[in-house]
Asks: 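Once you've had a glance at the structure underneath, I'll fire off some questions.
Just so it is clear, the values below take in all heavy atoms, side chains as well, and ignore hydrogens, waters and symmetry mates. Just so you know, ligand 1 is whichever comes first in the structure, and atom 1 is the first atom listed for that ligand. This structure is a prediction, so every number in the text was calculated from the model and none was measured.
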Amino acid sequence: MKFYILTLFPEMVMQGLSTSIIGKAAKKGILTIEAVNIRDYTRDKHLKVDDYPYGGGAGMVMQAQPIFDAYQAIRDKIGHKPRTIYLTPQGPLFHQAMAKEMAGEEELVLLCGHYEGVDERVLEEIVTDYVSVGDYVLTGGELPAMVMVDAISRMVPGVLTNQESGETESLEGGLLEYPQYSRPREWMGREVPEVLMSGDHVKIQAWRREQSILRTKKHRPDLLKSADLTIKEKAFYRVNE
Ligand code: ADE
């Protein structure tokens, strides 16, 4: 899978994505991450990429031409119109199912805005999806783009060494993950739950399922309504009340 990140801060994005699991997958060639510097495409002799907003108001607006030319270079290279995501608090909220769905794309272009906004006309011309990473305003789209690349990449086959972990972790089936424990058996007077030491995998699985449901009910009751629960589970955990 190939990611093209249109940004004014390519070093920020590349540094953030060159380590750990994502960095390793990129080195192996499972992923390609390319930060495209929008400023490289300006036709302004002072390398300007922004200007004052028509109609007045605070801040500057990113101009259409450099963004479009940077996008066009990608489009020419891959030979078709790519799915292009604009990171903005005005988009629908990013979530796990979206990450999974987008992991099926051959390539994704992520457009990072800055200043007060981006000229609407280039958004109309190139953007296919608007996405927000949360109901707060950041100074630019770079961190959201990195969040998206990370979440999408780990759903790409081969990126996680144990493919299982991509499927069973938090938010799969709409539930939070069960608690995990490792050695030692007792730490600061706290014992590992007995069931995990039993070797009874059916019991362990049932305990983990219960923990996932209880946790979701406590910390994210909003998720529980659309989680994959059996009718029995719904009744037992009083989900519809
Ligand atoms: N750009 C600024 N804030 C953002 C947010 N919350 N999500 C996506 N892009 C953004």
Asks: If you group Ile, Leu, Val, Met, Phe, Trp and Tyr by side-chain heavy-atom gaps below 4.5 Å, do V49 and Y52 land in one group?
Replies: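 As far as the 4.5 Å side-chain criterion goes, Y52 and V49 are connected within one cluster.
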Asks: Is E105 paired with K2 through a side-chain N to carboxylate O contact shorter than 4.0 Å?
Replies: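 Looking at E105 together with K2, the answer is no, because their closest N to O distance does not fall below 4.0 Å.
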Asks: Quick check: G141 and ligand 1, any N/O pair under 3.5 Å apart?
Replies: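 For ligand 1, there is no N or O atom that lies under 3.5 Å from one belonging to G141.
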Asks: Between D222 and K225, does any NZ, NE, NH1 or NH2 come within less than 4.0 Å of an OD or OE carboxylate oxygen?
Replies: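 Answer for the salt bridge query: no.
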Asks: Of Q211, R215, K217, R209, which meets side-chain contact (heavy atoms from CB on, under 4.5 Å) against L175?
Replies: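 Between L175 and the candidates, side-chain contact (heavy atoms from CB on, under 4.5 Å) is satisfied uniquely by R209.
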Asks: Specify whether Y130 and Y86 have parallel, tilted or perpendicular ring planes, treating 30° as the upper limit for parallel and 60° as the lower limit for perpendicular.
Replies: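 Perpendicular: the ring planes of Y130 and Y86 meet at over 60°.
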Asks: At the 4.0 Å heavy-atom cut-off, does G91 count as touching ligand 1?
Replies: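 No.
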Asks: Give me the residue, atom name and distance of the protein heavy atom closest to atom 6 (N) of ligand 1.
Replies: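 In this structure, atom 6 (N) of ligand 1 has Y136 O, 2.8 Å as its nearest protein heavy atom.
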Asks: Got the closest protein heavy atom to atom 10 (C) of ligand 1, with its distance?
Replies: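 Result: P89 CD, 3.6 Å.
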Asks: Between the side chains of E107 and H80, is a donor N or O closer than 3.5 angstrom to an acceptor N or O?
Replies: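 Checked: E107/H80 side chains pair up, N/O donor to acceptor below 3.5 Å.
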Asks: V118 and side-chain contact (heavy atoms from CB on, under 4.5 Å): which partner among V61, D50, I67?
Replies: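 That would be I67; it is the only one of V61, D50, I67 passing the side-chain contact (heavy atoms from CB on, under 4.5 Å) with V118.
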Asks: Check E210 with K203, please: is the shortest side-chain N to carboxylate O separation under 4.0 Å?
Replies: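 The answer is no: the pair does not qualify as a salt bridge.
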Asks: Check contact between L143 and ligand 1, using heavy atoms of the residue and a distance below 4.0 angstrom.
Replies: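 In this structure, L143 fails to qualify as a contact of ligand 1 - no heavy atom is under 4.0 Å.
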Asks: For atom 3 (N) of ligand 1, grab the closest protein heavy atom and report residue, atom and distance to one decimal in Å.
Replies: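 Atom 3 (N) of ligand 1 sits closest to the protein heavy atom L138 N, 3.0 Å.
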Asks: Would you mind listing which atoms of ligand 1 come within a distance below 4.0 Å of any non-hydrogen atom of V131?
Replies: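 With V131 as reference, the close atoms of ligand 1 come out as 8 (C).
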Asks: Considering only heavy atoms, does D135 approach ligand 1 within less than 4.0 Å through its side chain, its backbone, both, or neither?
Replies: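 Near ligand 1, D135 shows nothing, with every heavy atom at 4.0 Å or more.
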Asks: Looking only at protein heavy atoms, identify the closest one to atom 8 (C) of ligand 1 and say how far it is in Å.
Replies: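 So the nearest neighbour among protein heavy atoms is T88 N, 3.4 Å.
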Asks: Could you see which bit of S132 sits under 4.0 Å from ligand 1, with heavy atoms only: side chain, backbone, both or neither?
Replies: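 The part of S132 near ligand 1 is both the backbone and the side chain.
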Asks: How far is atom 7 (N) of ligand 1 from its nearest protein heavy atom, and which residue and atom name does that atom have?
Replies: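 Here the nearest protein heavy atom works out to V133 N, 3.0 Å.
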